[in-house]
Amino acid sequence: MVCFDQHLHTERYSPDSIIDPLEMLDQMRRIGLDGVVITEHDRLWPEDELDELRAASGGLRIFSGVEISAREGHFLVYGLPDLRDVEPGIPLRDLVRVARGHDAAIVAAHPFRWDQDFDRIVRVHGTAFDALELVSNNVTPENRQRTGKVCDALGLGRTGSSDAHVLETLGCYYTEYPEPINDIRDLINALRRRAYRPRHRRGAALASGPVD
């Protein structure tokens, strides 16, 4: 089993985060995460900077995805090579088109948050999602329940992530995969196989409640 936190932000490219990337590595070791996907707001990490972080990680898996601020809400995208066709405020239909063109995966971040009409989004775009974020630091128990019902109805996978902006939140929730994840393509393929489950870290503050 490998444990990934696949929704978090650092101070390097997300102005609302205070997580230092090197301190993030130390915290990953302390709490037992095998890897992370850094998902800055509307920004991908340059590959050379990722390589520097990996060199300091001691073998931890460090990837970059992105949290896109689309017109309809926030969506985690894994596997885009660049953001030249993706700008903040992009309509979700266009984001889906670009993601599919690169065989990238899309996970809806904190569904129903801020009174998002996620039921309507699902009616129009439900088949575009590879999974929904069931639990995170920004998912309430009520929205978790609503998201779970959508997953049941559509047969979608359920992920857990921290959506961390401060170090203490890192890994409060994570996703446990049964197979090795060595690169972002492995992560995408694993998401589509849906052989994973959301988990929580003992002792962490759990905004969505514990995960069985």
Side-chain angles (χ1 to χ4, degrees), residues 4-10 13-16 35-50 62-134 136 138-139 143 146-161 163 175 177 181-196 198:
F4 268 75
D5 188 342
Q6 53 203 45
H7 179 187
L8 59 106
H9 306 272
T10 77
Y13 292 117
S14 289
D16 58 349
V36 295
V37 187
I38 303 172
T39 52
E40 310 288 21
H41 298 290
D42 303 300
R43 180 73 181 257
L44 285 166
W45 269 57
E47 196 63 29
D48 60 334
E49 294 183 30
L50 281 175
I62 314 293
F63 310 140
S64 176
V66 61
E67 182 174 7
I68 297 296
S69 306
R71 183 177 299 172
E72 295 87 343
H74 291 184
F75 301 92
L76 305 168
V77 186
Y78 309 108
L80 290 178
D82 56 62
L83 301 182
R84 67 182 66 185
D85 296 318
V86 180
E87 296 182 353
I90 185 173
L92 180 54
R93 67 177 180 275
D94 292 337
L95 176 61
V96 169
R97 174 182 52 79
V98 174
R100 284 178 172 166
H102 293 287
D103 197 24
I106 302 178
V107 175
H110 38 67
F112 298 103
R113 189 185 185 201
W114 297 322
D115 296 321
Q116 180 189 38
D117 190 357
F118 197 74
D119 287 324
R120 180 181 181 280
I121 290 171
V122 165
R123 286 195 298 271
V124 178
H125 303 285
T127 57
F129 301 124
D130 294 282
L132 305 183
E133 188 176 70
L134 181 72
S136 85
N138 283 312
V139 175
N143 287 348
R146 297 170 74 184
T147 300
K149 289 179 179 178
V150 174
C151 290
D152 289 341
L154 297 182
L156 292 172
R158 309 161 188 239
T159 67
S161 296
D163 193 3
T175 302
Y177 294 92
I181 305 290
N182 295 315
D183 54 36
I184 199 70
R185 181 51 51 184
D186 283 348
L187 181 81
I188 293 167
N189 292 339
L191 281 169
R192 291 173 176 166
R193 283 193 291 272
R194 297 175 186 165
Y196 50 84

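Below, each value reflects all heavy atoms present in this structure, side chains not excepted, and no hydrogens, waters or symmetry copies.
Salt-bridge formation is detected for the pair Arg192/Asp103: a Lys NZ or Arg NE/NH1/NH2 atom is positioned less than 4.0 Å from an Asp or Glu carboxylate oxygen. A salt bridge does not link Asp85 with Arg97: every distance from a Lys NZ or Arg NE/NH1/NH2 to an Asp or Glu carboxylate oxygen is 4.0 Å or more.
One finds the CG atom of Leu83 at 7.5 Å from the CG atom of Asp42 (value rounded to the nearest 0.5 Å). For the atom pair Ile121 CD1 and Phe129 CZ, the distance stands at 6.0 Å (nearest 0.5 Å). Distance check: Ile188 CD1 to Asp130 CG gives 8.5 Å after rounding to the nearest 0.5 Å. Between atom CD1 of residue Ile90 and atom CG of residue Leu95 there is a gap of 5.5 Å, rounded to the nearest 0.5 Å. Here the CZ atom belonging to Phe75 is positioned 8.0 Å from the CD1 atom belonging to Ile106, to the nearest 0.5 angstrom. Between the CD1 atom in Ile184 and the CG atom in Leu80 there is a gap of 10.0 Å [rounded to 0.5 Å].
In this structure a side-chain-to-backbone donor-acceptor pair under 3.5 Å is missing from Tyr78 to Val37. When atom types are taken as modelled, the side chain of Asp186 and the backbone of Asn182 share a donor-acceptor pair closer than 3.5 angstrom. For Asn143 (side chain) and His110 (main-chain N/O), no donor-acceptor pair under 3.5 Å exists by modelled atom type. One N or O on the side chain of Glu40 and one on the backbone of Thr10 form a donor-acceptor pair closer than 3.5 Å. Listed for the Glu133 side chain is no donor-acceptor partner under 3.5 Å among the backbone atoms of Val107. With hydrogens and angles disregarded, no donor-acceptor distance shorter than 3.5 Å links the side chain of Thr39 to the backbone of Gly65. Side chain of Ser161 to main chain of Asp5: no donor-acceptor pair is present (N/O by atom type, distance under 3.5 Å, no hydrogens or angles).
Across Gly157 and Cys151, no two heavy atoms sit closer than the pair O-SG, 3.8 Å. Closest non-hydrogen pair, Val77 versus Ala104, comes out as CG1-CB, 3.9 Å. Of all the heavy atoms in Ser64 and Leu44, the pair that sits closest is OG-CD2, 3.6 Å. The minimum heavy-atom distance linking Gly148 with Arg158 is given by the pair O-NH2, 3.5 Å.
Contacts of Arg194 classified as side-chain hydrogen bond (donor to acceptor under 3.5 Å, both in side chains), with partners at least two apart in sequence or in another chain: none.
Between Gln6 and Leu76 the shortest side-chain heavy-atom distance does not fall below 4.5 Å. Annotation: side chain of Thr159 is in contact with side chain of Leu191 (closest heavy-atom distance under 4.5 Å). Side chains of Trp114 and His74 form a contact here, defined as non-hydrogen atoms less than 4.5 Å apart. No side-chain heavy atom of Val139 sits less than 4.5 Å from a side-chain heavy atom of Asp163.
Around atom CD of Glu87, no more than 12 heavy atoms belonging to other residues, nucleotides or ligands sit under 6.0 Å away.
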Derivation of the side chain to side chain contact (heavy atoms under 4.5 Å, CB included) call for Ile38 and Tyr13: CA-CA 10 Å; Ile38 303 172; Tyr13 292 117; over 6 Å; no
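Between Phe63 and Phe4, the two ring planes are parallel [angle under 30°; tilted spans 30° to 60°].
Between His125 and Glu72, the side chains place no donor N or O within less than 3.5 Å of an acceptor N or O (distance only, hydrogens not considered).
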